[in-house]
Amino acid sequence: MAIGRLTIVPVGCLAMVRPVAAPARYLVAMGSADPVPPSVTGVRAGTGADSPVGEDVDVVVVGSGPNGLAAAITVARAGRSVVVLEAAPEPGGATRSAPLLGPGHVSDLGSAIHPLALASPFFRTIPWEAHGLDWIVPPAAVAHPLNGGRAAIAWNDLNRTAADLGPDAKTWRSMFGPLVERFETLTDFALGPPLRNAVADPLTALRVGPALAAPATLAARRFDGDEARALFAGHAAHAVVPLNRPFTAGFGALLGSAAHAVGWPFPRGGAAEIARVLVEVLEGLGGRVVTDRPVGSLDDLPPAGAVVFALTPPQVAVIVGDEFPARARRRYRRFRFGPGACKVDLALSEPIPWANAEVAKAGTVHLGGTLEEVAVAEKEVAAGGHPQRPFVLLAQPSGFDPTRAPEGRHVVWAYCHVPNGSTMDVSASIEAQIERFAPGFGDTVVARHVSRPADLERWNANLVGGDIGGGSYASFRAVFRPGYHPDPYRTPVGRFFVGSASTSPGGGVHGMGGHLAAERALAFLDGGRSR
């Protein structure tokens with residue numbers, strides 16, 4: 001099964017989190033005007049005006065992000081008819097790109113780096129190379145600068161990473177070596193429904209479960225040096241949960257092992273390339289995507305045997321309405337969201353002048369200082385504050401992909417966590433963190449585009465309050481999504497299924513939530529036979 005061309009770029013080149021429920025003002029993805037320029041890729045899809053969807057189909061998928069497209073491909077591969085309805089003018093969900101900073105600049109509107117793309121069991125089945133997608137894998141997945149020109153680097157090579165961590169070399173190898181050796185087993189387990197996988201593979205559950213469930217601050221006690229502790233903390237902070245909370249170590253373990261096993265890749269030309277390929281694969285199987293087709297109620301759907309919603313639970317509750325029992329409607333509407341994000345896209349006159357030159361060799365940079373600093377910042381966000389020194393996640397794709405900017409220019413994508421629904425523009429704090437580890441950076445900025453939480457939600461209604469993870473990951477919500485249910489993809493109504501970042505295994509560009517929901521829909525169409 002092809003996973004595309006892997007371009008290895010030469011080296012030269014916790015306090016209790018307070019998730020919020022869906023706000024009362026919440027509206028389903030009805031399709032407001034897109035506040036950004038159109039995609040630079042021009043993904044093919046029908047539109048509401050010229051593509052009627054009144055005919056019967058086996059399955060309707062609502063939402064065309066990676067999960068929605070994965071669901072539709074899974075259905076089409078089974079020989080069933082499927083149509084995807086998308087409210088926006090183009091498909092892709094959070095995997096879209098546009099010239100935010102002017103002609104010739106390619107900025108990713110949502111996701112930019114995809115640590116689980118080459119690890120996903122579903123994505124392994126996609127013939128990326130045959131459809132012209134080139135996965136770029138920088139020599140280092142992540143760099144984590146520290147004061148004084150120091151930096152911890154997660155190289156694609158586990159041994160090189162460990163050697164650079166000095167006194168923590170042996171501990172880093174002992175933590176990540178077994179995970180890298182069994183990486184496919186780990187991802188098959190972690191990216192599937194938790195209860196089913198635990199029953200099917202109890203040995204793996206017993207082997208890795210306790211480590212994945214631990215708080216990151218506890219797991220990091222195994223390290224002595226600031227470099228290893230900070231590097232692990234940066235991985236774990238992708239949970240958007242204070243680092244002393246359960247399951248945050250699981251994020252550190254999974255993302256850290258991905259760095260050494262497959263790297264943290266991104267597609268040449270922008271994240272929209274992922275959507276382009278998935279749409280092409282779907283159309284090749286006879287499926288269709290129809291854009292500019294908002295869904296506000298069941299009346300907006302064509303007749304179908306089953307429906308897969310690649311949406312958040314509150315959206316599903318609004319659409320389904322009285323078809324759900326009252327208790328289920330209340331439960332779906334009370335779904336808890338996590339912190340939001342404030343994002344800034346930057347055009348630069350030259351590459352970022354990092355104090356440590358090795359940082360330029362990583363596609364992703366975590367800016368937050370020591371483990372203790374990162375932990376304080378994430379705790380403050382969870383308590384409703386805006387840290388003066390936030391934890392910043394930064395991507396520098398144009399250092400490895402010249403298609404992203406005109407000659408002589410570079411683009412940067414960066415964000416930090418903020419309270420859900422925050423109206424503050426914290427881009428100055430983001431840029432100050434970059435300047436902290438790259439003196440003179442501010443002099444290179446020639447253009448910027450800021451997206452606050454409301455801007456993100458307006459662009460993609462799944463990003464409620466700017467929550468880019470599809471819901472809170474506090475405590476057991478990291479595992480049981482959207483709630484405590486043995487089958488997270490089923491709903492109280494047999495023909496309706498949910499497959500989005502709000503269901504297991506959660507956020508990230510991997511398609512597994514949609515794929516697994518589609519398997520349940522196919523079993524329903526087959527009369528309940530499991531797949």
Side-chain angles (χ1 to χ4, degrees), residues 1-10 13 38-45 64-74 76-77 84 86 90-99 104-139 141 156 184 187 191 258-259 261-285 287-289 291 310 363-364 395-405 411 413 508-515:
M1 293 177 285
I3 58 174
R5 299 189 296 276
L6 299 183
T7 302
I8 306 299
V9 181
C13 14
S39 168
V40 295
T41 59
V43 177
R44 293 185 298 114
S64 70
N67 279 307
L69 293 173
I73 290 170
T74 300
R77 283 174 169 169
V84 181
E86 169 58 53
E90 61 186 21
T95 53
R96 286 189 276 167
S97 310
H105 297 79
V106 179
S107 297
D108 291 324
L109 303 181
S111 61
I113 306 294
H114 313 288
L116 300 178
L118 300 182
S120 163
F122 175 77
F123 271 21
R124 290 182 212 141
T125 71
I126 300 298
W128 302 106
E129 183 175 0
H131 288 268
L133 188 145
D134 183 4
W135 287 108
I136 294 176
V137 184
N156 297 346
E184 189 166 315
T187 53
L191 297 181
V262 294
W264 285 18
F266 57 89
R268 186 180 302 278
E273 284 292 294
I274 297 173
R276 176 187 65 79
V277 171
L278 293 177
V279 170
E280 288 182 2
V281 171
L282 174 61
E283 291 179 338
L285 293 165
R288 289 191 300 140
V289 179
T291 56
T364 300
Q396 44 187 4
S398 55
F400 312 95
D401 178 5
T403 71
R404 300 296 186 96
V411 293
W413 171 103
V509 178
H510 47 65
M512 288 301 295
H515 166 67

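Throughout, residue positions are numbered sequentially from 1 according to the sequence presented.
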Return yes if some donor-acceptor pair links the side-chain N/O of S97 with the main-chain N/O of A272 below 3.5 Å, else return no. yes

Taking ring pair (Phe, Tyr, Trp, His ring centres under 6.0 Å) as the test, write out the residues that go with H114, two or more places apart. none

Given side chains that start at C-beta, do those of W264 and P138 come closer than 4.5 Å, heavy atoms only? no

Donor-acceptor pair, N67 side chain versus G513 backbone, under 3.5 Å? yes

Those residues that, when tested against A71, pass side chain to side chain contact (heavy atoms under 4.5 Å, CB included) (two or more places apart): V61, V308, A518

Does anything in residues 107-123 pair up under salt bridge (Lys or Arg N to Asp or Glu O under 4.0 Å), and if so which pairs, sequence neighbours excluded? D108-R404

Do L191 and F122 have side-chain heavy atoms sitting under 4.5 Å apart? no

Output all residues satisfying side chain to side chain contact (heavy atoms under 4.5 Å, CB included) with A395, sequence neighbours left out; order by chain, then residue number. A112, I113, P397, W413

Closer than 3.5 angstrom, by distance alone: can the side chain of R96 be matched with the main-chain N or O of A275 as a donor-acceptor pair? no

Say you draw a straight line from CZ of F266 to CD of E273; how long is it, rounded to the nearest 0.5 Å? 13.0 Å

Which atom names give the shortest non-hydrogen contact between S111 and V509, and what distance separates them? OG-CG2, 3.4 Å

Looking at T95 and G92, would you say the former's side chain and the latter's main chain have a donor-acceptor pair under 3.5 Å? yes

The criterion is side chain to side chain donor-acceptor pair (under 3.5 Å); which residues satisfy it with T187, sequence neighbours excluded? R124

List the residues meeting side chain to side chain donor-acceptor pair (under 3.5 Å) with S107, not counting sequence neighbours, and say none if there are none. none

If you compare all heavy atoms of A98 against all heavy atoms of L109, which two are closest, and at what distance to 0.1 Å? CB-CD2, 3.9 Å

Go through the steps for F123 and L116 under the test side-chain contact (heavy atoms from CB on, under 4.5 Å), then give the verdict. CA-CA 9 Å; F123 271 21; L116 300 178; over 6 Å; no

Nearest heavy-atom neighbours spanning L285 and A76: CB-CB, 3.6 Å

Do P402 and R268 come within less than 4.5 Å of each other through their side chains, counting heavy atoms only? yes

Where do T125 and R77 land on the side-chain contact (heavy atoms from CB on, under 4.5 Å) test, with the steps shown first? CA-CA 11 Å; T125 71; R77 283 174 169 169; 2.8 Å; yes

What one should report as the nearest heavy-atom pair of P127 and V281 is CD-CG2, 4.3 Å

Is W128 close to I274 at the side-chain level, that is, under 4.5 Å between some pair of heavy atoms? yes

Tell me the closest heavy-atom pair linking G269 and D401, and the distance in Å. N-OD2, 2.8 Å

At their closest point, which heavy atom of F400 faces which heavy atom of G363, and how far apart are they? CE1-CA, 3.7 Å

Sequence neighbours excluded, the answer for side chain to side chain contact (heavy atoms under 4.5 Å, CB included) partners of S64 is L69, V84, E86, P91, V289

Determine, stepwise, if the pair I73 / L278 fulfils side-chain contact (heavy atoms from CB on, under 4.5 Å). CA-CA 8 Å; I73 290 170; L278 293 177; 3.9 Å; yes

